[in-house]
Structures are given as structure tokens and as C-alpha cells.
**Student:** 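This structure is in C-alpha cells; I'll ask about it shortly.
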Amino acid sequence: MKAATFREKLGYGIASLGDAVSYGLAGTFLLFFLTTIAHIPPATAGAIVAVGSVWNAVFNPIMGYISDNVSTRFGRRRPVIFVFSIFLGITMFLLFTDVPLSTTAKSMYYGIMTVLFWTSFTGFFTPYCALGTDYASTYDERTSIRSFASFFNMIGNAVCMVLPTAFVDLLVSHGLSDSRAWSVTGALLGILTTVTIVITVIVSKNRDLPCVPNEKKPEMDFNLIHIFGEYISVARLRPMKYLIAASLSSLIAYSILTSNVMYYFTFNLELSATQSSAFLVARSLLGLVMLPVVSKLSMIFDKRIALILCYAAGIVGMIAVKLVGIESLAGTFIYVVFLMICTAIYWQMMPAIYYDMCDYDTAVTGKKREAMILSFQGLVEAVAVGIGGQILGAILQAAGFDGDASVQTASAMEWIENSATILPMIFLIIACIALFKYPLTRESRELQRRHGSTNF
């Protein structure tokens, strides 16, 4: 495979901006929107998040199978990415629109919209990740392609962190209601998401090659038993077990931290909307600064060791924040640094680790199941978002959080703080253990290349 040029890497990476905007909007603001704008009880809002995640967990294997078996004159991945990017933009608008319905009807509406959102997101994200295997074939080149994607991912995070707070505040100051301002913001971010993904569809034409005329197209068997049987066979690969455990634990921590951060900033630290936006942007900009640092660590050590080192720094930092407390804006900035380490580094390193699993699977089974394997990341994200949202929703409900109150009880404040610091660190510790036991390293890949061995 010819190495990707700088221009090709930029073209591939820009869709990660749309990925970050859509994923960040739902992950950071959905629970907050449902409880404070749509006025749905926290436990019910958490259940809505979980319902969408359960469906996403079911849909991911199907999407992975479809993406691996589509063959058109426009390529394997790009037509699927294009179609779902349109639906993704539309559902972002509908999901963040406050509808004039009863609480029960609202719960049903947002449950359906959440399902449609994650269907659209997975429909784009799974073939997009698989498309990356057509750009990079070596261990270190995959780290490079993911660095470009992570660059745009961080920019997308910055955009997502600014608009849902600062733009809503601006629209409200010009006479719009809170609910209408959120709806407009959802529409704007939906358009941005679709446009960036479509750009990648256009510029990746030479990587996602069309099927050859008269070439026999793969026959798709939509028997769910067959599809999930393939999925189970991938999951039973020894390295995959540790990778799933590491991903799930990392993303549960990510889900709790990002879903809770607006509560923490608003009620515990008493930040204004502008200050919250500034600190969330700082998180993304700090992530950009960390990109070359993490890439260097992965070159010196290994991808998994680089991720473990970053997580260890984040865990120690979050425990220190809990013990010392935050009394100033400088203290808030220090918290944001550790928040970035705990939530941003994953997206640079983990997809590249999944790419290595594609080669391992081909070496062991002789099959080409890139999208099937990479859809595991989407499945794990779906499950983790559901678990994290359910945990946080249940905690807020049990602690007595009131979405209509400007001041919360001491119990609610304490558990918002715990959810912003030490609680997610339990899951990051589990992730570190799983990563340490994960057997695919640079050395093992070199051994496989030289001797064809898969005994690691």
C-alpha cells in the first residue's frame, strides 16, 4: 500500500471534526439539556441515554458487517459514510429541540431521537474508521494517521465546547428562549458535522476504490445469527478481550466526566456560561498541545504504554484535586488539564491500536473484517455511554439533584464533585490493568512480520 501523503492525511482527518462535534454534543450536553431545558427527571434522562446505547450496541455489529460487504462503483466505505452523515446532521437538530409535549410523551420522543442519533452516528463512524486502514499499513504510520484525525478531533471538541454554551447565551441575550436557542445551536452543529464528513467523502476517492467492472460482489447474509457469530469469533481473539476491557473502562470514565462537567462547573465551581466555555475550549487546546507529546511517547515506548502513562498522570491529578479542592480559577485550570488527560488521549491512541487488531485477525483467520473489528469501538462507546449516563443519572437522582433549582443540596454537590474526580478514576485504573495485559506491541508486530507468528 502506498503511504498516504500529507494532503491525504488532512483529507481523512477532517471528518473527525464532525465526529467530535456530534459525539461531544451528545456526550457532554444531552443529559444536561434533558434535565434543565426539557425538564425530564435525572433518572429518566439517564435511562433515555441508556436506551440509545443499548440499540447502538445491537446496531454496531450489523453496521460493521454491512460496511465490510458493500461494493459499489463509488467504493466500499464512502457511499455509506455520505448517506449517514446527512441523517446525523438532521438528528442533531431534532435531539436538541424542546418539544411541547407531556413529560411521558417527551421521554418517548427523546428516546426515539437518541436511537436515531446513534444509528446515524454509527452508520458514519464505523465505515469511517475502517477507511483508515486504506491509508496506513504499518505500526507507526497508523499512529501518524490517527494524529491527523486527533488534530481535527480536538478542534471539533473546541467548537462543540464553545457553541452550546456561549452561542446559546448569545441567542438568549438577543431575545430567544433557552429552548429555541438550543434548537438553533443543534441545527448549526448538525450542518457543520455533515459538511466536514462530506469533505472527507470527496477527497478520499482515490483511497476507497470502486469495484472493478464484472467483479463478483460479496453476497451479504443478513441472518443475525451469522452476523453475531462473526462478531463473537472476533471477540474471542485473545488480544481483543483485553482491548474491549480497556476501551469499555476508559469510555465509562469518559462518559461520566464529560456528562458531569457542566454540572460541576455550574453548581460546584459557580462558573458563568462564558467561563465554562473558555475552560472547555482550553481542554481541547491543551489536547492539541499534547498530540506531539503523546506521539513521541508512543514512538519511544509503545501505544499501550503511552496511554497507561497518561492515564496514571490523570488518576494521580484527579485524586489530588479531590483532596485539595478548587478555590480559584487557577485551580479550575489545573482540573481542566487533568480532565484533558483523562478524556482526550484515548481518541488519539485507541483507534490506532484497533487498526493493529485488523492485521492480527487477518493473520489468524485469513479474513478481512476491518469494519467488523473497528465497529467494536463503536459498540463499546455505545455501551459505555449507556452505563456512564445511567450511573450519573442514578447518582444525581439519589443525591437529590433538582434541575429547576439554581442552588443544589450539599449531598448533590458532594456527588457532583465525586463524579468529576475520584469515581471515574476507578474505571481508568481498570483500563490501565487491561492495557498492560494487552499482548500486541511493536515488538510482537515485528515478530509477526518476520516469522508469521501469532502466538502472543
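Values below: all heavy atoms of this structure, side chains included; hydrogens, waters and symmetry mates excluded. As the structure is a prediction and not an experimental result, all values here were calculated from the model.
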**Student:** With a 4.5 Å limit on heavy-atom distance, are the side chains of Asp402 and Thr409 in contact?
**Tutor:** no

**Student:** Looking only at heavy atoms, what is the nearest atom pair of Gly123 and Met63, with distance?
**Tutor:** CA-SD, 3.6 Å

**Student:** Is it the case that the side chain of Lys437 and the backbone of Tyr242 share a donor-acceptor pair, with hydrogens and angles ignored and the cut-off at 3.5 Å?
**Tutor:** no

**Student:** Looking at every heavy atom in both Leu307 and Met350, which two are closest together, and how far apart are they?
**Tutor:** CD2-CE, 3.8 Å

**Student:** Of all heavy-atom pairs between Ser250 and Leu428, which one has the smallest distance, and what is that distance?
**Tutor:** CA-CD2, 4.1 Å

**Student:** Please walk me through it: do Thr200 and Phe152 pass side-chain contact (heavy atoms from CB on, under 4.5 Å)?
**Tutor:** CA-CA 12 Å; Thr200 292; Phe152 284 103; over 6 Å; no

**Student:** Is any side-chain heavy atom of Leu257 closer than 4.5 Å to a side-chain heavy atom of Met425?
**Tutor:** yes

**Student:** So how far is it from Asn268 CG to Trp415 CH2, rounded to the nearest 0.5 Å?
**Tutor:** 13.0 Å

**Student:** Do Thr97 and Trp182 touch side chain to side chain, with heavy atoms closer than 4.5 Å?
**Tutor:** no

**Student:** When rounded to the nearest 0.5 angstrom, what distance separates CD1 in Ile315 from CD1 in Ile429?
**Tutor:** 5.0 Å

**Student:** Side chains of Arg283 and Thr343: any donor to acceptor distance under 3.5 Å?
**Tutor:** yes

**Student:** Looking only at heavy atoms, which two atoms of Ala306 and Val294 are closest? And how far apart?
**Tutor:** CB-O, 4.4 Å

**Student:** CG/Asn260 to OG/Ser255 distance, rounded to the nearest 0.5 angstrom?
**Tutor:** 10.0 Å

**Student:** Take Leu95 and Thr114, measure what side-chain contact (heavy atoms from CB on, under 4.5 Å) needs, and give me the verdict at the end.
**Tutor:** CA-CA 7 Å; Leu95 186 59; Thr114 302; 3.6 Å; yes

**Student:** What pairs with Trp55 under ring pair (Phe, Tyr, Trp, His ring centres under 6.0 Å), at least two apart in sequence or on another chain?
**Tutor:** Phe59

**Student:** Could you please spell out the steps behind the side-chain contact (heavy atoms from CB on, under 4.5 Å) verdict for Met92 and Thr193?
**Tutor:** CA-CA 9 Å; Met92 288 171 66; Thr193 294; 3.5 Å; yes

**Student:** Any chance you could measure Leu34, atom CG, to Ser107, atom OG, to the nearest 0.5 Å?
**Tutor:** 8.5 Å

**Student:** Just jot down the ring pair (Phe, Tyr, Trp, His ring centres under 6.0 Å) partners of Tyr311, sequence neighbours excluded, or say none.
**Tutor:** none

**Student:** Without swapping roles, check the side chain of Thr421 against the backbone of Glu417 for a donor-acceptor pair under 3.5 Å.
**Tutor:** yes

**Student:** Is there a donor-acceptor contact under 3.5 Å from the side chain of Ser183 to the main chain of Ser179?
**Tutor:** no

**Student:** If you take all heavy atoms of Ala246 and Ala434, which pair is closest and at what distance?
**Tutor:** N-CB, 3.7 Å

**Student:** Would you say CZ of Phe267 has more than 12 non-hydrogen atoms from neighbouring residues, nucleotides or ligands within 6.0 angstrom?
**Tutor:** yes

**Student:** In terms of side-chain heavy atoms, does Tyr354 have a donor or acceptor partner in Ser247 at a distance below 3.5 Å?
**Tutor:** yes

**Student:** Using a distance-only test with no angle check, is there a side-chain donor-acceptor pair under 3.5 angstrom linking Thr104 and Ser102?
**Tutor:** no

**Student:** Which pair of heavy atoms, one from Ser249 and one from Ile430, lies closest together, and at what distance?
**Tutor:** OG-CG2, 3.2 Å

**Student:** For Ser411, does its backbone N or O pair with a side-chain atom of Glu414 as donor and acceptor, under 3.5 Å?
**Tutor:** no

**Student:** Check whether any side-chain heavy atom of Ile155 sits under 4.5 Å from a side-chain heavy atom of Ser284, and report yes or no.
**Tutor:** no

**Student:** Could you check whether any side-chain heavy atom of Phe84 comes within less than 4.5 Å of a side-chain heavy atom of Thr122, counting everything from C-beta outward?
**Tutor:** no

**Student:** Within the 3.5 Å criterion, strictly below it, is a donor on Tyr128 or Ser16 matched to an acceptor on the partner's side chain?
**Tutor:** yes

**Student:** Tell me if the CZ atom of Phe82 is crowded by more than 12 foreign heavy atoms within 6.0 Å.
**Tutor:** no

**Student:** Distance from Tyr335 atom OH to Phe279 atom CZ, nearest 0.5 Å?
**Tutor:** 12.0 Å

**Student:** Are Thr35 and Tyr263 linked by a side-chain donor-acceptor pair shorter than 3.5 Å?
**Tutor:** yes

**Student:** With ring pair (Phe, Tyr, Trp, His ring centres under 6.0 Å) as the test, would you mind laying out the steps for Tyr23 and Phe125 before giving the verdict?
**Tutor:** CA-CA 10 Å; Tyr23 190 88; Phe125 185 73; 7.7 Å; no

**Student:** Would you give the length of the straight line joining atom CZ of Phe29 to atom OG1 of Thr36, rounded to the nearest 0.5 angstrom?
**Tutor:** 10.5 Å

**Student:** Start with the C-alpha gap between Leu88 and Phe117, add the side-chain angles, then the distance that decides, and say whether side-chain contact (heavy atoms from CB on, under 4.5 Å) holds.
**Tutor:** CA-CA 6 Å; Leu88 181 58; Phe117 169 83; 3.7 Å; yes

**Student:** Would a distance-only check, ignoring hydrogens and angles, find a side-chain to backbone donor-acceptor pair under 3.5 Å from Arg78 to Val201?
**Tutor:** yes

**Student:** For the residue pair Trp118 and Phe121, categorise the inter-ring angle as parallel (less than 30°), tilted (30 to 60°) or perpendicular (more than 60°).
**Tutor:** perpendicular

**Student:** Is a salt bridge present between Asp98 and Arg180, judged by a nitrogen-to-oxygen distance below 4.0 Å?
**Tutor:** no

**Student:** Donor-acceptor check, side chain of Gln408 to backbone of Phe401, threshold 3.5 angstrom: yes or no?
**Tutor:** no

**Student:** Side-chain contact, heavy-atom cut-off 4.5 Å: Ile395 with Ser419?
**Tutor:** yes

**Student:** For a 4.5 angstrom cut-off between non-hydrogen side-chain atoms, does Phe148 reach Tyr12?
**Tutor:** no

**Student:** State whether the side chain of Thr196 and the backbone N or O of Leu17 hold a donor-acceptor pair below 3.5 Å, judged by distance alone.
**Tutor:** no

**Student:** Do the non-hydrogen side-chain atoms of Val380 and Ile244 ever get within less than 4.5 Å of each other?
**Tutor:** yes

